[in-house]
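Keep in mind that what you see is a predicted model, and the values were worked out from it rather than measured. Lettering follows sequence order; numbering is per chain, from 1. Below, all heavy atoms of this structure are taken into account, side chains as well, without hydrogens, waters or symmetry copies.
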Amino acid sequence: NSFCTLLAFAMNGTIIDTLAKVAEVYRSNGVVYRYKAYRTAIDTIKGLDFEITSADQVKGLKGIGKGMIDKIAEILRTGALQQEKDVTSDPVNQALRLFTSVHGIGPVLARQLVEQGYRTLEDLKAAHLPPAARMGLAHYEDGKERIPFAEVEDHLAHMRQLMHGAVDPALIPVVCGSHRRLGPTSGDVDVLLTQPLSHSQAASKYVYLRLVVKALRDAGYVP
DNA sequence: TAGACGGCGCATCGCC
DNA sequence: GGCGATGCG
DNA sequence: GTCTA
């Protein structure tokens with residue numbers, strides 16, 4: 001629609017993708033704040049309504065300092081970022097990125113697994129893993145699956161019915177996240193449980209959360 | 001130029 | 001088992 | 001990496 005025209009500028013895309021790869025390496029190495037700094041800069045560039053032709057154009061914008069300016073300038077000048085080539089081609093970084101993409105494996109465990117010589121997800125099947133990571137590995141492919149818009153609607157319908165019948169008729173699930181923004185698919189379903197008409201504070205979030213989880217469980221919706 | 005950068009529940013681990 | 005620290009999302 | 005006190 002006219003309010004959120006998809007603005008795709010080739011050079012901005014290159015810059016975003018390049019910075020995102022470097023950011024991912026930091027994240028998988030546990031360097032969280034540097035990772036977040038990259039995310040901030042990336043979000044700023046994503047929001048631009050013009051194509052970057054000179055690094056000066058983004059000087060002073062949120063999250064963009066000298067470091068980012070230099071990187072952007074290099075990408076504009078050479079078409080790529082040497083640092084990005086270096087860090088992403090490193091086998092250890094590749095394994096760290098792969099392992100931390102498994103739900104339940106963070107930078108610390110990923111590093112330990114690499115030190116133990118593991119390099120592929122196939123390798124990990126033979127590794128000693130905590131239950132959460134074992135679960136994440138078992139559902140690795142499924143976890144990457146995107147959920148079609150219509151399917152999210154089905155989930156919400158089920159949930160409304162469940163809330164109304166088994167928990168509290170006043171409890172209304174409100175969808176947020178990508179589905180609320182009308183994305184064609186969603187990675188997950190974010191739901192806010194609200195109680196619009198309630199003037200009571202009697203029920204603590206814990207009481208409700210337990211009721212909700214139990215209802216979902218009894219319905220066979222979650223294990 | 002040092003320190004902040006979100007806060008929190010749950011699972012696990014090391015120590016007592 | 002209790003308890004604080006750490007990892008993770 | 002960036003920003004602020």
Side-chain angles (χ1 to χ4, degrees), chain A residues 12 15-48 52 55-76 81-88 93 95-116 118 121 124 127-147 176-178 186-193 203-214 216-217 222-223:
Chain A
N12 295 16
I15 293 168
I16 289 166
D17 292 347
T18 304
L19 294 181
K21 287 187 179 177
V22 178
E24 188 57 21
V25 172
Y26 280 124
R27 189 198 59 74
S28 62
N29 274 278
V31 187
V32 291
Y33 289 116
R34 201 167 283 230
Y35 163 73
K36 288 185 175 183
Y38 273 74
R39 295 310 317 179
T40 302
I42 288 168
D43 285 345
T44 291
I45 298 170
K46 277 186 177 174
L48 295 179
I52 300 173
D56 288 346
Q57 293 171 293
V58 291
K59 198 174 289 184
L61 297 186
K62 182 184 176 189
I64 299 186
K66 182 176 187 313
M68 292 299 171
I69 289 290
D70 289 347
K71 292 175 203 301
I72 292 169
E74 181 182 333
I75 296 169
L76 287 172
L81 185 66
Q82 188 56 48
Q83 178 197 15
E84 183 267 335
K85 295 180 187 174
D86 293 340
V87 296
T88 56
N93 280 333
L96 290 177
R97 271 186 301 156
L98 177 64
F99 291 171
T100 55
S101 72
V102 176
H103 196 282
I105 300 182
V108 173
L109 178 55
R111 174 71 63 179
Q112 292 170 353
L113 292 167
V114 168
E115 283 174 359
Q116 293 166 33
Y118 299 108
L121 295 187
L124 288 192
H128 174 62
L129 298 175
R134 178 65 62 192
M135 181 90 79
L137 182 60
H139 297 285
Y140 185 76
E141 292 303 326
D142 191 47
K144 289 169 51 167
E145 198 86 5
R146 301 286 298 181
I147 310 166
C176 32
S178 56
S186 300
D188 57 13
V189 182
D190 294 330
V191 172
L192 212 52
L193 287 176
S204 82
K205 59 176 179 174
Y206 294 104
V207 174
Y208 264 112
L209 183 57
R210 274 158 177 67
L211 286 175
V212 169
V213 172
K214 176 168 167 43
L216 292 173
R217 207 162 262 163
V222 298

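A 6.0 Å sphere centred on CZ of A/R146 holds more than 12 heavy atoms belonging to other residues, nucleotides or ligands.
If you take atom C1' in C/dT6 and the same atom in B/dG7, they sit 16 Å apart, rounded to whole Å. Of the C1' atoms belonging to C/dC8 and B/dG6, the separation is 15 Å, rounded to the nearest Å.
Pair check for B/dG7 finds none; no Watson-Crick or G-U wobble contact set falls under 3.5 Å.
With rounding to whole Å, A/L129 atom CG is found 12 Å from B/dC13 atom P. Across the protein-nucleic acid pair, A/R27 atom CZ and C/dC8 atom P stand 11 Å apart, rounded to whole Å. The CD1-P distance, from A/I72 to D/dT2, rounds to 9 Å in whole Å. Following rounding to the nearest Å, A/K59 (NZ) and D/dT2 (C1') show an atom-to-atom distance of 15 Å. One atom, CD1 of A/I45, and another, P of D/dG1, lie 13 Å apart when rounded to the nearest Å. Rounded to an integer number of Å, the gap from CG of A/D43 to P of D/dT2 is 15 Å. The interatomic distance linking A/H128 (NE2) with B/dC13 (C1') rounds to 11 Å, in whole Å. In this structure, A/K66 places its NZ atom 14 Å from P of D/dC3, rounding to the nearest Å.
Salt-bridge annotation for A/E24 and A/K21: absent, with no side-chain N of the basic residue lying under 4.0 Å from a carboxylate O of the acidic one.
A pairwise comparison of heavy atoms in A/G104 and A/A133 identifies O-CB, 3.8 Å as the closest pair.
Here A/Q83 reaches the OP1 or OP2 of D/dG1: one of its side-chain N or O atoms lies under 4.0 Å away. Here A/K62 does not reach the OP1 or OP2 of D/dC3: none of its side-chain N or O atoms lies under 4.0 Å away.
The OG1 atom of A/T40 sits 12.0 Å away from atom OH of A/Y33, with the distance rounded to the nearest 0.5 Å. Atom-to-atom distance recorded for A/L19:CG and A/E84:CD is 9.5 Å, nearest 0.5 angstrom.
If you check the side chains of A/T100 and A/R27, you find a donor sitting under 3.5 Å from an acceptor.
The residue A/V102 sits close only to the backbone: its heavy atoms come under 4.0 Å of sugar-phosphate atoms, none of a base.
Within residues 33-42 of chain A, the residues that place at least one heavy atom under 4.0 Å from DNA chain B are, in residue-number order, A/Y33, A/K36.
Here the side chain of A/P107 is nearest to one of C/dG9, C/dC8, D/dG1, namely C/dC8.
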Step by step, work out the side-chain contact (heavy atoms from CB on, under 4.5 Å) result for A/E74 and A/Q82.
CA-CA 9 Å; A/E74 181 182 333; A/Q82 188 56 48; 3.6 Å; yes
